[in-house]
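Remember, it's a predicted structure, so these values are computed and weren't measured experimentally. To find a chain, count down the sequence lines: A is the first, B the second, and so on, and within it residues start at 1.
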Amino acid sequence: MGRSASASGWYDEKSSLVKKGPWTPEEDEKLVEYIQRYGHGSWSWRALPKLAGLNRCGKSCRLRWTNYLRPDIKRGNFSQEEEQTIINLHALVGNKWSAIANNLPGRTDNEIKNFWNTHLKKKLLQMGIDPVTHRPVTATNSDNIHHLYYLMINHLLSSLAPQLLASSSSSGTCSSLANNNLMMNMNPWGK
DNA sequence: AAAGCTCACAACCGCCGGCTC
DNA sequence: AGAGCCGGCGGTTGTGAGCTT
C-alpha cells in the first residue's frame with residue numbers, strides 16, 4: 001500500500017499555504033491551549049490545525065506536541081543512569097528509539113535519538129566499541145573492558161531480547177532489566 | 001572582529017502497519 | 001480484498017549557537 005505525502009499528513013489540500021520551520025511562541029500557545037482544553041480523542045491530528053487555528057499540517061502539530069510541548073517531558077541533561085539505560089537497551093533492540101523511550105519516563109524518542117547520534121556513539125567509539133554491534137572495534141582486542149562489555153551484551157541478547165522485543169510497546173518493562181544490578185556492576189566505564 | 005567550522009537539536013521527510021470502509 | 005486514512009517510527013536535514021582561527 002503506497003502512501004503519498006499528502007496522505008501521511010504533511011500537506012493538506014492547500015499544501016502551499018502550510019507553514020514549515022520553527023514554531024513561534026504564539027503557535028505553541030495555540031496548540032497547548034487547544035489540547036489542554038479539549039484533551040485527546042475528540043479530534044484527529046489531521047483536523048487539529050484547523051480547529052486550533054494553526055496554519056500547520058497535523059503531523060507537524062503532533063511532532064511539536066510529543067517532542068516538545070507535552071507537560072511531562074523532562075528537560076535537561078541525561079543522567080548517568082539514563083545514559084547507561086540507553087546504551088544497554090540499544091544493545092538489545094538497536095535503533096528502536098520509541099522502545100527505548102518507553103523505558104525512560106519524560107524522554108522522547110527524538111531526544112534519545114539525537115543524544116545517541118551526538119554523544120553516545122562517539123563515547124562508545126572512543127572506548128573502542130562499535131556503536132552498532134556493541135562489540136570491540138578490533139577483533140583481536142581482548143582488553144578487560146571490551147571483554148566484559150562483550151560478555152555482558154551477549155548474555156543479555158541471548159536471555160532477554162525475545163521478551164524485551166515482545167513487550168517493547170509496554171512501558172516499564174525494560175527499565176528494570178536494563179538497570180539490573182548485574183549490568184550496573186559490570187558497567188565498564190564506571191559510575 | 002569576523003569568517004569559517006563544529007556541534008546540538010528541532011523539525012522535516014518518507015515509509016510502514018493498523019484500521020476502516 | 002484492497003484502497004485510503006491516520007498515527008507512529010526512524011533517518012536525515014536545516015539552522016542557530018558556540019568555538020576556533
Side-chain angles (χ1 to χ4, degrees), chain A residues 1-32 34-36 38-52 54-80 82-83 85-127 130-134 161 164-174 178:
Chain A
M1 280 181 232
R3 248 170 239 359
S4 67
S6 62
S8 65
W10 278 107
Y11 309 104
D12 62 13
E13 58 280 6
K14 296 184 174 61
S15 61
S16 61
L17 300 175
V18 172
K19 189 184 169 192
K20 294 186 188 179
W23 280 65
T24 65
E26 291 76 23
E27 288 176 313
D28 283 348
E29 198 178 330
K30 281 184 180 177
L31 183 57
V32 170
Y34 188 87
I35 293 175
Q36 286 182 343
Y38 297 102
H40 289 280
S42 60
W43 43 267
S44 68
W45 284 111
R46 191 176 167 80
L48 182 135
K50 214 169 194 175
L51 296 169
L54 288 161
N55 189 24
R56 294 274 183 174
C57 65
K59 200 168 188 176
S60 181
C61 293
R62 187 182 61 79
L63 272 158
R64 183 64 178 169
W65 173 257
T66 56
N67 288 334
Y68 201 81
L69 298 174
R70 249 172 44 202
D72 60 323
I73 286 179
K74 194 193 286 184
R75 298 255 143 230
N77 295 337
F78 282 77
S79 67
Q80 274 287 328
E82 286 176 317
E83 191 175 309
T85 300
I86 293 167
I87 293 169
N88 293 340
L89 290 175
H90 187 274
L92 290 172
V93 302
N95 294 2
K96 302 288 180 190
W97 306 117
S98 61
I100 295 171
N102 280 338
N103 295 279
L104 288 166
R107 300 295 190 183
T108 69
D109 54 356
N110 205 40
E111 196 178 9
I112 292 168
K113 179 171 58 183
N114 283 332
F115 185 62
W116 175 267
N117 286 329
T118 55
H119 293 98
L120 294 181
K121 254 163 89 172
K122 284 179 206 161
K123 189 168 183 174
L124 290 181
L125 282 170
Q126 280 171 2
M127 290 167 53
D130 186 320
V132 177
T133 62
H134 291 260
L164 181 63
L165 285 167
S167 60
S168 62
S169 59
S170 62
S171 65
T173 309
C174 313

Between [X] and [N], is there a contact of a side-chain N or O with OP1 or OP2 at under 4.0 Å?
X	N	result
A/N117	C/dG11	no
A/R46	C/dC6	yes
A/K20	B/dC13	yes
A/S60	B/dA11	no
A/W97	C/dG11	yes
A/R107	B/dC9	no
A/S98	C/dG10	yes

Look at all strands and tell whether A/N67 reaches a base, only sugar-phosphate, or nothing, counting heavy atoms closer than 4.0 Å.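 No contact at all - A/N67 keeps every heavy atom at 4.0 Å or more from the nucleic acid.
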Just call it for A/N95: base, sugar-phosphate, or nothing, with non-hydrogen atoms closer than 4.0 Å on any strand.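 Here A/N95 touches the backbone only, sparing every base.
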[X] [atom1] - [N] [atom2] separation (whole Å):
X	N	atom1	atom2	result
A/I86	C/dG10	CD1	P	14 Å
A/K121	B/dC9	NZ	P	15 Å
A/K96	B/dC16	NZ	C1'	11 Å
A/N110	C/dT13	CG	P	15 Å
A/I112	C/dG11	CD1	P	13 Å
A/L63	C/dG8	CG	C1'	9 Å
A/K59	B/dG14	NZ	P	9 Å
A/K19	B/dA11	NZ	C1'	12 Å

Classify the ring geometry of A/W45 against A/W43: parallel below 30°, tilted from 30° to 60°, perpendicular beyond 60°. perpendicular
Of the candidate nucleotides [options], which contains the atom at the shortest distance from the side chain of [X]?
X	options	value
A/K122	B/dC7, C/dG11, B/dA10	B/dC7
A/T118	B/dC12, B/dA8, C/dC9	B/dA8
A/S44	C/dC6, C/dC9, B/dA11	C/dC6

Starting from the 5' end of DNA chain C, give me the residue, A/W43 or A/K113, whose nearest nucleotide shows up first. A/W43
Of A/P22 and A/R62, the one whose closest DNA chain C nucleotide lies more 5': A/R62
Nearest 0.5 Å please: distance from the NZ atom of A/K74 over to the CD atom of A/E111.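 Answer for the NZ-CD pair, A/K74 versus A/E111, is 9.5 Å.
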Quick check for you: to the nearest 0.5 Å, what is the distance between A/N55 atom CG and A/K19 atom NZ? 8.5 Å
Can you find a pair of side-chain heavy atoms, one from A/T108 and one from A/T66, that are under 4.5 Å apart? no
Using a 3.5 Å distance criterion without hydrogens, assess whether the side chain of A/K122 forms a donor-acceptor pair with backbone atoms of A/T118. yes
Is the shortest side-chain N to carboxylate O distance from A/E27 to A/R64 below 4.0 Å? no
